[in-house]
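First the structure, in the form of structure tokens, and then the observations on it.
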Amino acid sequence: SQSLDPQEVGNRITASVWRLFGSAASALYRVLPESEDLQLFAAAGAAVEWSALIPRGMGTGGLAVRERRPVATADVLRDARITVFPPARERIERAGSRSTLAVPLLVKDRVIGVLAGGDRPGRVFDEGEIRLAQAFADQAALSLENARLYAEVQARLSQLEDTQAQLLQAAKLAAVGQLVGGVAHELNNPLAVVVGHAQILQKKTADPLVMDRAAKIHESAMRAARIVQELQTFARAKPPELAPLDLADVVERVLTLRGETL
């Protein structure tokens, strides 16, 4: 109850069970919803090599999940009730720890995992130890479920914050679009005057220097007008549509807007 981090809760559970039973090792598996395989979540002790993934129905843990009750055996390799897949059999034979106890973790009639203990061959987990392990597993199930729910709430809260930030940014862009529309109208009028007078000046003068300067004025004013037009196009709200697109034209329009910065 001191932590809402699922991994920390799992580590504390296995460490406590390991010390409580004085066994060689303990492990916590979670049930994968899509396959119902058992995936190793946390472990304590080094004398037993736990399988990282136990296929559905396999091993002491698989039997505990299927029967929804604790399963204890003095020798997992000789117990006719338990099916051990070959990689696990080799691992158990190498480790020499054949006595196992597996207790399902139940939350609202749903098995979310298995708490397991392993020890030397021949050890018998008595009824008192099994009841104690079940009581511990019930508390462990609640702790893990609380941790899982907290993690889900945190993830959803983070998604909501991201969505809120996106909505705020969209609102800012909409405001900028409205601002650009008004500013563009105010800019187009004086630009039209500048372009018109530059054209008149070009027609009425014979001085090459004046004509050159008038041409530069006209070119700069037209460039400013194009930028204003691109800003209006960018800010204008329009529904998405599929249409042929000239990529070279897109690049040129982007460069018009970003040329000065680049």
State which residues pass salt bridge (Lys or Arg N to Asp or Glu O under 4.0 Å) with R69; sequence neighbours excluded, sorted by chain then number. E67

Test side-chain contact (heavy atoms from CB on, under 4.5 Å) on V84 and M58 and set out the steps. CA-CA 6 Å; V84 181; M58 293 288 183; over 6 Å; no

Who passes side chain to side chain donor-acceptor pair (under 3.5 Å) against T205, sequence neighbours left out? none

What's the verdict on side-chain contact (heavy atoms from CB on, under 4.5 Å) for V65 and L38, showing C-alpha distance, side-chain angles and the deciding distance? CA-CA 9 Å; V65 171; L38 294 176; 4.0 Å; yes

Residues in side chain to side chain donor-acceptor pair (under 3.5 Å) contact with T100, at least two apart in sequence or another chain: T60

Could you tell me which residues satisfy salt bridge (Lys or Arg N to Asp or Glu O under 4.0 Å) with R68, sequence neighbours excluded, listed by chain and number? none

Pairing residues for Q134 by the side chain to side chain donor-acceptor pair (under 3.5 Å) criterion, not counting sequence neighbours: D138

Not counting sequence neighbours, which residues clear side chain to side chain contact (heavy atoms under 4.5 Å, CB included) with V250? List them please. L245, V254

Determine yes or no for a side-chain-to-main-chain donor-acceptor pair under 3.5 angstrom, with N146 supplying the side chain and L142 the backbone. yes

Taking atom CZ of R81 as the centre, does the number of heavy atoms from other residues, nucleotides or ligands within less than 6.0 Å exceed 12? yes

Correct closest heavy-atom pair for I82 and G59 would be CG2-C, 3.5 Å

Atom CG in L201, atom NE2 in H197: separation rounded to 0.5 Å? 10.0 Å

Report yes or no: does Y29 contribute a side-chain atom to a donor-acceptor pair with the main-chain N or O of S51 at less than 3.5 Å? yes

Residues 151-173, side-chain donor-acceptor partners within the protein, below 3.5 Å, at least two apart:
{"from": "E152", "atom 1": "OE2", "to": "R148", "atom 2": "NH1", "distance (Å)": "2.4"}
{"from": "T163", "atom 1": "OG1", "to": "Q159", "atom 2": "O", "distance (Å)": "2.9"}

Could you walk me through whether D37 and R56 satisfy the salt bridge (Lys or Arg N to Asp or Glu O under 4.0 Å) test, starting with their C-alpha distance in whole Å, then the side-chain angles of each, then the deciding distance to 0.1 Å, before giving a yes or no? CA-CA 4 Å; D37 294 340; R56 175 184 177 184; over 6 Å; no

Side-chain donor-acceptor pairs under 3.5 Å in residues 122-132, sequence neighbours left out?
{"from": "R123", "atom 1": "NH1", "to": "F21", "atom 2": "O", "distance (Å)": "3.1"}
{"from": "R123", "atom 1": "NH1", "to": "D119", "atom 2": "OD2", "distance (Å)": "2.6"}
{"from": "R123", "atom 1": "NH2", "to": "F21", "atom 2": "O", "distance (Å)": "3.1"}
{"from": "R123", "atom 1": "NH2", "to": "E129", "atom 2": "OE2", "distance (Å)": "2.9"}
{"from": "D126", "atom 1": "OD1", "to": "G128", "atom 2": "N", "distance (Å)": "3.1"}
{"from": "D126", "atom 1": "OD1", "to": "E129", "atom 2": "N", "distance (Å)": "2.7"}
{"from": "E129", "atom 1": "OE1", "to": "D126", "atom 2": "N", "distance (Å)": "3.1"}

Can you sort out the partners of S143 under side chain to side chain donor-acceptor pair (under 3.5 Å), two or more places apart, ordered by chain and number? none

Which salt bridge (charged side-chain N to carboxylate O under 4.0 Å, His left out) pairs, counting each pair once, include a residue from residues 5-21, with sequence neighbours left out? E8-R12

Quick one: are L144 and I13 in side-chain contact, heavy atoms under 4.5 Å? yes

For D109, what residues pass the salt bridge (Lys or Arg N to Asp or Glu O under 4.0 Å) criterion, not counting sequence neighbours? none

Review item, side-chain donor-acceptor pairs of residues 207-227, under 3.5 Å, at least two apart:
{"from": "D207", "atom 1": "OD1", "to": "L209", "atom 2": "N", "distance (Å)": "3.0"}
{"from": "H218", "atom 1": "NE2", "to": "Q199", "atom 2": "NE2", "distance (Å)": "3.3"}
{"from": "S220", "atom 1": "OG", "to": "K216", "atom 2": "O", "distance (Å)": "3.0"}

Would you say the side chain of T83 lies within less than 4.5 Å of the side chain of L63, judging by non-hydrogen atoms? no

